[in-house]
Each structure stands twice: as structure tokens, then as C-alpha cells.
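The structure under discussion appears below in the form of C-alpha cells.
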Amino acid sequence: MLRVRFAPSPTGFLHVGSARTFIFNWLYARRNGGTMVLRLDDTDVERNTEASVTSIFDGLRWLDLGWDEEYKQSERLALHRQIADAMFQKGLAYRDFTPAHTGDSDKSGAGQTWLFNPGMRELPRAESDRRADAGEPFALRFRVPRGLGEQVRFPDAVYGEQIKAADDIEDFALLRSDGMPTYHLASCADDIDLRISHIIRGQDHLSNTYKHVLIFKAAQSAGAVLPLFAHLPLLVAPDGSKLSKRRHGPVVSVTTYRDAGFLSAAFINFLCLLGWSPKDDRTCMTRQELMDAFSLEGINRANAVVNFKEPATTPEDTFDPKALWLNAEHIRALPVADLSAQLLPIVHSAGFQVTPEKMLAITPLIRERIKLLRDVLTAADFFFADQLPPFDPAELIPQKGDAAMALKVLMRAREVLAQTEFTHDALDHALRAAAQELGLKAGQMFQPIRVAVCGRKNAPPLFETLQVLGKETTLTRIEQAVQKAN
RNA sequence: GGCGCUAUCGUCUAGGGGUUAGGACGGAAGAUUCUCAAUCUUCAAACCCGGGUUCGAUUCCCGGUAGCGCUACCA
């Protein structure tokens, strides 16, 4: 039975690296008919927050992939302690009465290799019991085999066979002095208990895995098999540093992508392409295509850069250009009705009144012009607003023309449009004929009208725009432009 | 400092003992259109360095360098 798990710790918002780990696990489970377990690794009471739990669930729900089983580590403490106690009884772990390190251990150089606190490893059981009974606080540490030339090894589906000398592994903690299990213990105990068969997680755990193998071997019943590990290359910032909330802020939060108007399908597609490849030339892929193509063999070993611009000068700088492009691709692939339905609430929440029918008519005009769903607000603003925002009358002047030409065009348009049926072909014929009468090129005729009704030079095709706007609004806006041009 | 992992265009990647080192995004130029966008075409752009092994290495091995990770009673 194939079982995978995603085990975030609720100490911050769901970030894109975690989301990718979730997605890879999900893909692997679905691809192979396995079970997806969601487990909240919340043993760090100090740093857990309810807001983080909310953020994680918000993010995961938006991904819309789902999961099969759900657990909370904090509700499984008895299991963790029981496993720790068994290891202690077997002599595989020992009590360490050394007071906890205050602050950070210096990693920056001078420090020597730390393996265990002197004196504690070989403390006689009787003395250990006496001090524990006296109420002296202690951490429980794993007794790593030492001086025996032993090796710890495990196969990794991505990085291959991993081997490390046990002598290089420190006596890590299993239980804190407050009795809470550490991540290593809780994670392994639960992985065993939940019968997790494949552990797919970030590469930052690759070196930790030796400790986990030690725990698995110590805690598992004889004959039990180790889960298969698959470590994922990390997602890093353009400067190569690990993506972090602290350094990079909301650009790494899943909800930032959601709120900016990413389609979750596009976001998933983008994340899959960081550190994994279908090995053919496909880039734009649906959820189903990703599921069919996903395999551990396609996972890369080098870290992947999420290519956002560090000091963001435009809102788009927050996102990798490829993510933006993929989102545009997915938007264009969406049926108009679906896209329209997604756009409607965004327009409404911006304070505009639009009927679903009108939105449906607008959608095809803008769907090739937006990268993010939010862009609907700037791409189609003139459809929503009653009153056009003010614009420079000079905008009305066509190519190779002057203010007089603009005015001439607008006055002629006012006349012609008043007696034209607002269908694509009728508008086409009427306006082209008008251009010819005035001795102008089509573009010179269209541009002043476009600016008059849209308030700017760059907009969707004119005839479709006029149709959606309707005769009344069109004529009103042209009239206003005539006043302006005078 | 110790231990480990990694290294192909700016970015994501394919590939692999002999290739014009392929694709995508982004960039540049052009076509097309009523503007913008979309679309199409073209172009520029990469095998970290040094030693081996070999007839031949970007590919295999070793070393270096760089980056990253772990080295907490965080996860």
C-alpha cells in the first residue's frame, strides 16, 4: 500500500516550497493509486500559531487537490513518548541533564564538531534514575553508535545511495526537557505508525535522514522496511538563498499568488517545472497531464531559482515571468464561461456593478490581454465605470494627424454611429466608409474613437468593444470627447 | 570549522563518450492586425575551473572553486 504524507509545521504561512512538496506528494500518490496523508507537525508549541494553520489550509484548499487522511501531531504525543521510552529502556537513548543551549549555536566557523555533551552518554543508569527522580530536567538523546566504524545508509530516489559514518552523527535529542518530542522523533514515530511508505520532502532534510534511519531502525519492529526517501531540490531566491518568509516576505506565500489572480492549475504547473521535468518538450500542462507524466525519475538534483525581481518596482516583479506566462496560457485555455465566472467576483469586489451576461460578453475581449485574473480591472475598466477617468485630449489625436483631424473624426463618428446598427459588420462598414469619405486611413479613424470610448490608446478591437458598450454609452462618450477636443 | 548535496543559455530544463548541445520563459528583430494583446518567423544566449581515463570528453573518475543544506531541547 503506497502512502505518502505532507507534514507542514504551522509556524508561518504556506510557502511556495511547501506547496510544491505537497503537489509532488499528491501527484505521486494519485499517479500510483496511493493515499495522501496531511499531518500537521505542531510539536513546537512556542512557534505554532493559529493564523498559520489557517494560512496553510487556505493555501491547500486553493490548490484544490485534496487529501485522504488528516492528523495532528500534538494529538499523538502519547505514541511519541511511548516510543521514546522504549528506546530508553533498551539503552538506545539516554538522559542528558545538561541545561539547554541558550540562543543559537554558532555555525559560522570557530565551533568544533559537536557530538554529545560530556559525561551524559555514559552516566550510569542508577545515577540517571536518581537525578530524574529528584526532578532534575533532562533531554532524552539518541545513543548513536560510536567508535565502531558503523555506517548509516539509505537509498534516495533522487540523490542515490547515501552513506555516512555514524561517528559523524551527533547524539540528537528525542525528547525535550519539557517532555515534548522533537521533530525527529515525532516525525519518525508518526511515519511508522501511519505506515508511510514514501517520504517525499525538501532536500534540507537529506542530512537529517541519517538520524531518521537510526530512529526507524531502533523503533520499528523487526523486519519492518524503511520508507523510500525522495528528497526534492530546494526552491531558492535569485541570489541563491533559501526562500524564506523573513528575507523574502509575501512573495513566497501561496496566498499572494492566489490573491494576485493566479489560476491554481497554472500555479501548480509552474511549481512542477521547478525541479522536475516531463523529459519531453512540454511546459504548459493540465493537472491530468502532470499526473500522467509524474515520476520520481524526472526530479532534478540542483536547487531551482524562483526568478522574481528582488526590489519589486511593478506588481509583476513579484512573480517569475514564466509563472506569469503559464498563467496567461491557462487563462486562454479556459472556456470563456469558466473564465468569466472567475472574473466576476473580482470585478464585484472592486466595487463595480456588472451582470454575468455583460461579463460573459467582455471576457473574450480581454482574455488574450491579461496575465493575472486581477488584470481584468485594468484591462476592462472602461466597461465597468459609468464615467471614464479623465485623460489627456492629446490622446485623441491620430497617427500623422492633429487636433483638428481628431475633432473631425469624432464629429463624423457621432453622426455615423447614431444611425448605425451596433453589430460587428455594420460598424465595420460604416466606420470604414466614413474614413474613406474623410480621406483617412482606417487607423486614423478608429484611434480617436477608441480613445473616446476607452480612455486610452491600447484596448481591445474597436467594433467588439462598441458592441459591448452599446450605442448609448458610445455616443455619450464620443460627445464628451468632442467637447474635450474643442 | 565538521559532514553532506549540487554545478548545461539571464531563468526553468533536455541530453549525453563523437550532436549544428534541443526546448520553454525572458530579450532583440520582423510578419500580421484598427491600437494593444494573441499568433507566426528569425536572431542573440550555456556545458564552472584543472587534472586524469580515452583515438575522442560538456558527459566517466579525481581535485579545486563556488553555491546550498545539516551541524538546536526549530521543523
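Note on naming: letters A, B, ... go to the chains in the order of the sequence lines (proteins, then strands), and numbering restarts at 1 for each one.
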For A:Ser9, answer base if it contacts any base atom (sugar-phosphate contacts may also be present), sugar-phosphate if it contacts only those atoms, and nothing otherwise; contact means non-hydrogen atoms under 4.0 Å. sugar-phosphate
For A:Gln162, answer base if it contacts any base atom (sugar-phosphate contacts may also be present), sugar-phosphate if it contacts only those atoms, and nothing otherwise; contact means non-hydrogen atoms under 4.0 Å. sugar-phosphate
Residue whose nearest RNA chain B nucleotide is more 5′ - A:Thr283 or A:Asp41: A:Thr283
For a ring pair (Phe, Tyr, Trp, His ring centres under 6.0 Å) with A:His212, tell me which candidate from A:Phe172, A:Tyr183, A:Phe142 qualifies. A:Tyr183
When the C1' atoms of B:rG64 and B:rA21 are considered, how many whole Å apart are they? 26 Å
What's A:Asn208 touching, base or sugar-phosphate or nothing? Going by heavy atoms closer than 4.0 Å. base
A:Asp280 near the nucleic acid: base, sugar-phosphate alone, or nothing, with a heavy-atom cut-off under 4.0 Å? nothing
Can we say A:Arg5 and A:Asp190 salt-bridge, meaning some charged N sits less than 4.0 Å from an Asp/Glu carboxylate O? no
Checking all strands, does A:Lys242 fall into the base, sugar-phosphate, or nothing category for heavy-atom contacts under 4.0 angstrom? sugar-phosphate
Using whole Å, what does the distance between atom P of nucleotide B:rU33 and atom CZ of A:Arg450 come to? 15 Å
Show each protein N/O and nucleotides 59-65 of chain B N/O combination with a separation under 3.5 Å, one pair to a line.
none

Need one value for A:Pro460: base, sugar-phosphate or nothing, where a base atom within 4.0 Å counts as base even if backbone is also close, heavy atoms only. base
What does A:Thr43 touch in the nucleic acid at a heavy-atom separation under 4.0 angstrom: a base, only the sugar-phosphate, or nothing? sugar-phosphate
Specify the separation, in whole Å, of atom CZ of A:Phe446 and atom P of B:rC34. 7 Å
Which comes earlier along RNA chain B counting from the 5' end, the contact point of A:Gly240 or that of A:Ala442, where each point is its nearest nucleotide? A:Ala442
For A:Tyr71, does the six-membered ring have the charged nitrogen or CZ of A:Arg76 within the cation-pi criterion, i.e. under 6.0 angstrom from the centroid and within 45° of the normal? yes
Nearest listed nucleotide, side chain of A:Trp325, among B:rG26, B:rG23, B:rC68: B:rG26
Is A:Leu273 touching bases, backbone alone, or none of the nucleic acid, heavy atoms closer than 4.0 Å? sugar-phosphate
For nucleotides 27-29 of chain B, print each protein N/O atom paired with a nucleotide N/O atom at under 3.5 Å, atom names and distance only.
none

For the base of B:rC5, is there a side-chain donor-acceptor partner from A:Arg301 under 3.5 Å away? no
Sugar-phosphate, base or nothing in reach of A:Lys279, heavy atoms under 4.0 Å: sugar-phosphate
Salt bridge check: are A:Asp280 and A:Arg282 linked by an N-O gap of less than 4.0 Å? yes
Assign A:Ser177 to base, sugar-phosphate, or nothing according to its heavy-atom contacts below 4.0 angstrom with the strands shown. base
